[in-house]
Amino acid sequence: MNRSAIIPRGAVFLVDDDVSVQRGVAALLRAADYETTVFKSGDEFLAKLSELDRQNAVVLVDVCMPGIQGLELQERLNADGVRLPVIVMTAHGDIPMAVRAMRNGAVDFLQKPFTVDEVTGALDRALSMQTPPSRQIESSANGDLHARYESLTPRENEVFRQIVQGDTNKEIARLFDISPRTIEVHRQRIMTKMKADSLADLVRMAVALDVGDSQA
Amino acid sequence: MDKISFSDIGEHVVDEIIDTVETPIALLGGDGVILRFNRACEMLTGFSQSEALGRKVWDFLIIEEEIEAVRQVFAMTCAKDLPTHYTNYWKTKSGKRRLLSWSNKTLRDDSGAVAAVLATALDITELRSAESDLTESQAFLRSIVDASPVAVVTINDRAQILSFSRQAETTFGYRETHVLGKNVKILMPEPDRARHDDYIDRFLETGEKRIIGRARRVKAMRSTGEVFPALLHVTEFTDGERVFVGFVEDLSEKEETERRLSDTQFQLQHAGRVGAMGEIATSIAHELNQPLTAAASLAGAVSLTLKKAQCDRCDDAIILLDDVVSEIKRASEIIHQMREFVRKRKTTKSLHDVNKIVEDAAALAIIGADADGVEVKWDLSEDVGKVSLDRIQIQQVVTNLIRNAIDAMHEAPQRILTISTRKRAREIEVSIADTGPGLNKDLKKTLFEPFVSSKKEGIGVGLSISKTIIDAHQGEIDAADLESGGCVFTFNLPAGNDESVGDNP
C-alpha cells in the first residue's frame with residue numbers, strides 16, 4: 001500500500017455520546033483512512049450539518065443516546081431531505097432495534113463491539129451507494145427479492161423470521177423444538193437462497209419484504 | 001307381746017290404714033273394675049273414690065298407647081297368681097301423666113277364683129325424670145363431641161376405646177361400632193403402635209405425664225394404612241374408672257396448604273432473583289459494552305497502524321491483536337447472553353384464573369411486608385375469568401406492586417391498599433392503589449427503568465422487572481397519581497386465550 005498518497009476512502013460522521021467509544025472508533029476509522037469527524041450528540045450533528053461537506057460521506061450513529069437518538073436523527077435527516085447514508089450502531093444482539101432503524105431507512109447496522117473488517121465493510125458498502133437507495137431502485141430489485149423469498153420452504157421461512165428478529169440458533173432451536181445444528185443448516189440455506197452475505201443483508205431484505213417485524 | 005291383727009281391732013281400722021298410707025293402693029276386680037281407691041290414689045289422680053268405683057281401670061286411668069299392654073299384664077297376673085311388678089303411666093283427671101311402679105298381688109276366694117287384685121304403687125315420675133335428664137345431658141355432651149371439628153377418642157386405662165366421635169370416624173375411616181373396646185394403638189403407625197401399651201403402663205405406674213396436658217405433633221394412621229400428621233392433645237379424668245380423652249387434629253390439609261404457599265413463595269423469590277439479575281445484567285451490558293467497543297476499536301486501530309508500518313514481527317502482533325478483538329467480542333457476547341437469559345426467558349403460559357392469582361400473590365405480599373395498620377380493600381370483578389399467562393411471573397408483578405404500595409404508605413396517616421381487577425373490551429386490567437404520598441416527581445419518567453428507586457434500600461429493579469414481564473405478556477403497565485392522594489399502578493393483559501410461548505420483543 002502506498003503510504004504517501006492517502007486518498008481517503010470517504011468521510012465518516014461518527015455520532016456517539018460515549019467519550020471512550022468516540023476516541024476508540026475514531027482512531028480505528030482514521031487508521032483505516034476515513035476522514036472522520038466526531039459528534040457527541042445527535043443535536044450537535046444536526047446543528048453543524050449545514051457546514052459539513054456531505055459528498056462521499058456516511059453517518060455512523062449510536063442507536064441509543066441521550067437527547068436525539070439514532071432513530072430520531074435518521075427521521076430528521078429523512079424529513080429534511082438530506083441524502084446521507086446512515087449506519088446505526090446497536091448493542092450486541094439488539095437486532096430488533098436494528099430492524100427498526102433499517103425500516104427507517106438506515107442502510108446498515110453494526111453490533112458493538114465490531115472488528116475492523118465489519119466496520120470497513122459496512123462503511124464501504126454504504127459509500128458505494130453514493131446516495132441512500134431510492135424507492136425506485138428498491139422496487140426494481142424487489143421482483144427478484146420476492147422470487148428468492150418465495151423459494152424458501154415453510155420451515156426456512158419461519159427460521160428466517162426468527163433470525164431477522166435477532167434470535168440465536170439456540171433460541172430458534174428451542175422455539176421449534178429441533179436441534180441447533182439443524183437450524184444452522186437452515187440458516188446457511190436461507191443465506192444462499194436469499195443471496196445474503198451477512199445478517200445485516202438478511203435484515204435489510206426482511207425490511208424490504210416487510211417480514212419479521214418484531215413490533216408485531 | 002303377742003302380735004295382733006288389725007282386723008282384731010276392727011274392720012274399719014284396715015280401711016283407716018289404707019287411707020292413711022301415702023302409697024296409692026287400689027283393689028281391682030278380676031275384670032279390672034275398681035273396688036277400692038285409697039286416699040293416696042285420690043291425691044295422685046284427682047279422681048275421688050266415688051268417681052272411680054265401678055269403672056274399669058283402663059277405661060280412664062291408663063294412657064291410650066299402654067291400654068293393650070296393661071290388659072295383658074293384668075290377665076297374666078290373674079292367671080298365674082304371682083305378685084307382679086310393672087311400670088306404667090296413669091293419667092290424672094287434669095290430663096297429666098304419672099309414672100307408677102306397681103306391685104300387684106292376686107287375692108283368691110276359697111274356691112280359688114280371683115276375688116280381687118291388690119295393686120300398690122310407687123310414684124317414680126320425678127325419679128325417672130332425673131334419670132332422663134342425665135341421659136339427655138349425656139346425649140347433649142355426645143352431640144357436642146360429635147360436632148367438634150377435632151376427632152375425639154376416649155379410652156380407659158387398658159387403652160380400650162370407649163367412644164369415637166363422628167369426626168374421628170371421618171378422620172380415621174373406622175365406624176365407632178367397629179373400634180369400641182379395641183386397643184387405641186390401631187390408630188397409630190409404628191413405632192408408637194408397638195410402644196403405646198408401655199406408654200400407658202409407665203404413666204399408670206409413675207404418674208409421669210409425657211403427653212397429657214400438652215399438644216404434641218404425632219403421626220396417626222387411617223384405616224387405609226395412610227399415615228398422616230396430627231396434633232394430639234390428651235386429658236385425663238376419672239369416671240368410676242380412669243378415662244383418657246384424646247383430641248386429634250388432622251394436620252395433613254393444613255400442612256399441604258402451608259407447603260403450597262411456601263412453594264409459591266420460593267418460586268416467587270427465585271423468579272425475583274433471576275429477574276433482578278437480568279435487569280442488572282441488562283444495565284451492565286449497556287454500560288460495559290461501551291468500553292469494550294472502545295477497546296476493540298483501539299485494538300483495530302493499532303492493528304491497522306502496524307499493517308502500514310510493515311515492521312519485523314508486525315504480522316505476529318497483528319494476529320495477537322485479532323485475538324484481543326475476538327476476546328473482547330466474546331466478553332460482549334457473555335454479557336449479552338446473561339441479559340437474554342432473563343429477557344428471553346421462556347414464559348410458561350397456561351390459562352389461569354386472574355382473581356385467584358391476584359389473591360394468592362396478595363396474600364404472600366401482605367404476609368411478607370410490614371403491613372400493620374394497612375386496610376386492604378378488594379374490588380375483584382367476577383367476569384375477568386381466565387387468561388393465558390405465566391403464573392409465577394404475573395404473581396411476581398402483583399407482589400412487587402403491593403409491596404411498593406405498602407412501603408409507600410409507611411408514614412401515611414391513612415393506609416388503604418385497594419386491589420382491583422376489571423374486564424375491559426380486549427384486556428384484563430389489574431390495579432393496585434395506595435394512599436401514600438404519590439409518585440416521586442423526579443422519578444416519574446424513569447419509573448420503569450432499572451436502578452431507579454425512591455426507597456433507601458431499594459436497588460430499583462422491581463418495576464423494571466415488572467415491565468419486562470408485562471411486555472413479555474404483550475400487556476402494558478403504567479402508573480398515575482390519584483386525585484384523592486396516593487397513586488395507582490395498573491397493568492393489563494390481553495384477554496385472548498393465546499397459549500403460545502411468548503418471547504420478549
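Just so it is clear: chains get the letters A, B, ... in the order the sequence lines come, proteins before strands, and each one is counted from 1.
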Atom CE of Met102(A) and atom CG of Asp108(A): how far apart are they, to the nearest 0.5 Å? 5.5 Å
What is the ring orientation for Phe45(A) with Phe13(A), classed by angle as parallel under 30°, tilted 30 to 60°, or perpendicular over 60°? tilted
For residues 159-206 of chain A, which residue pairs pass the disulfide (SG to SG under 2.5 Å) check, not counting sequence neighbours? none
For Arg23(A), look at atom CZ and say whether over 12 heavy atoms of other residues, nucleotides or ligands are found less than 6.0 Å away. no
Residue by residue, scan residues 176-185 of chain A and write down, ordered by number, those that have a heavy-atom distance under 4.5 Å to chain B; if none do, write 'none'. none
Mind checking the CE-CZ spacing from Met205(A) to Arg148(A)? Nearest 0.5 Å is all I need. 5.0 Å
For Arg391(B), I'd like to know if atom CZ has over 12 heavy atoms of other residues, nucleotides or ligands within 6.0 Å. yes
May I ask you to name which of Leu29(A), Asp117(A), Thr115(A) has the most heavy-atom pairs under 4.5 Å with chain B? Thr115(A)
Would the number of heavy atoms belonging to other residues, nucleotides or ligands and lying under 6.0 Å from CD of Glu35(A) be above 12? no
Between Met89(A), Arg30(A), Gln22(A), Glu118(A), which has the largest tally of heavy atom pairs under 4.5 Å with chain B? Glu118(A)
